[in-house]
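To start, the structure under review is shown below, and the notes come after it.
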Amino acid sequence: MPDMPPAIPSVAVSARRILVLGILAGYVDALSFAHLGGLFASAMTGNTTHLSAAIAHANTHHAVLLICVLAIFLGAAFIASLARLRWGSAYGIGLMACLLLVVQAAQSGSHAHLTELVLLPALMAVQGEGMARFSGNAIQTVVITSNMLKCASALAAALAIRCGASNVAPPPAGSIVLPALSWSGFACGAMMGALALLWHAPLPFLWPLSWLAILYVDIRRAKSTG
């Protein structure tokens, strides 16, 4: 008898997961932007723009750093994708927790900047590849621009249908609220990261561990009862 396909989570389940991931991405991106001198851990679009500007201005040092960040993100995404296909999403969450622990442990040493430069983009790549589908919707919690466009597109489709358009397919369940939650969660997480920097919060990279623990338990529980 063939294996049954995994059940698609409800919109409510996806909503809480995507909100936690959005907050985490915004928080880490805010810290990385401040600690790494304007480099992003997740926004590779912004890093690519900075890279082009650095090359145009012959800023070799900054260009090399940006190339390293982009390469690390791509390589980590490839490895995370293979791991997800082999072992599932829950193992990616455990890896993210380990990366945060290493980054925090390095804060008291002389290689804190290098550790963040290598591990924070890897962390965001693992998140992006580890969980990218929610209730049948392809949503990247580390890419906000696409979520804004998807939310706007789903809103437009829903409005067109209400206005009597017959050639418009109804948007899938959650196609409006889930991208909006990812966007708003990222904004809230970035605010939390900015406040952590402003208030010199102790152990800033350990705070997200509780969010990852909640997410891990949620996914494992759903897997065991599915």
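By convention here, the first residue in the shown sequence is residue 1.
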Just verifying a value: how many Å separate [X] [atom1] and [Y] [atom2], rounded to the nearest 0.5 Å?
| X | Y | atom1 | atom2 | value |
| --- | --- | --- | --- | --- |
| Leu19 | Cys188 | CG | SG | 7.5 Å |
| Trp207 | Leu212 | CH2 | CG | 15.0 Å |
| Ile214 | Leu209 | CD1 | CG | 11.5 Å |
| Trp87 | Leu95 | CH2 | CG | 10.5 Å |
| Tyr91 | Tyr216 | OH | OH | 6.5 Å |
| Ile18 | Ile23 | CD1 | CD1 | 11.5 Å |

Any chance you could lay out the side-chain contact (heavy atoms from CB on, under 4.5 Å) test for Leu181 and Ser184, step after step, and finish with the verdict? CA-CA 5 Å; Leu181 276 176; Ser184 58; 4.3 Å; yes
Considering all heavy atoms, the nearest [X]-[Y] contact:
| X | Y | result |
| --- | --- | --- |
| Ala76 | Ala125 | CB-CB, 3.7 Å |
| Ala157 | Pro171 | CB-CD, 4.2 Å |
| Ala190 | Ala30 | O-CB, 3.6 Å |
| Cys151 | Ala180 | SG-CB, 4.0 Å |
| Ala160 | Val168 | CB-CG2, 4.2 Å |
| Ile219 | Ala90 | CG2-CB, 4.3 Å |

Can you check whether [Y]'s main-chain N or O pairs, donor with acceptor, with [X]'s side chain at less than 3.5 Å?
| X | Y | answer |
| --- | --- | --- |
| Ser135 | Gly174 | no |
| Asp29 | Ala41 | yes |
| Thr115 | His111 | yes |

Passes side-chain contact (heavy atoms from CB on, under 4.5 Å), Phe40 versus Leu120? Steps please. CA-CA 9 Å; Phe40 294 101; Leu120 292 183; over 6 Å; no
Quickly, which of [options] forms a side chain to side chain contact (heavy atoms under 4.5 Å, CB included) with [X]? Name it, please.
| X | options | value |
| --- | --- | --- |
| His62 | Ile67, Leu39, Ile55 | Leu39 |
| Val142 | Glu129, Met44, Met124 | Met124 |
| Ile144 | Ser42, Pro179, Ser182 | Ser182 |

Do [X] and [Y] sit in the same hydrophobic cluster, where Ile, Leu, Val, Met, Phe, Trp and Tyr count as joined when their side-chain heavy atoms come under 4.5 Å apart?
| X | Y | value |
| --- | --- | --- |
| Leu65 | Leu114 | yes |
| Leu31 | Leu24 | yes |
| Phe186 | Ile139 | no |
| Val126 | Val143 | yes |
| Phe78 | Leu70 | no |

Can you tell me how the ring of Phe205 sits relative to the ring of His35, calling it parallel under 30°, perpendicular over 60° and tilted otherwise? perpendicular
Aromatic rings Trp211 and Tyr27: how do their planes relate, parallel, tilted or perpendicular, breaks at 30° and 60°? perpendicular
With side-chain contact (heavy atoms from CB on, under 4.5 Å) as the criterion, how do Lys150 and Asn137 come out once you've worked through the C-alpha distance, each side chain's angles and the decisive distance to 0.1 Å? CA-CA 10 Å; Lys150 288 178 181 179; Asn137 296 280; over 6 Å; no
Does any part of the side chain of Leu206, heavy atoms only, come nearer than 4.5 Å to the side chain of Leu101, both counted from C-beta? yes
Can you confirm whether the side chains of Thr141 and Gln127 place a donor and an acceptor under 3.5 Å from each other? yes
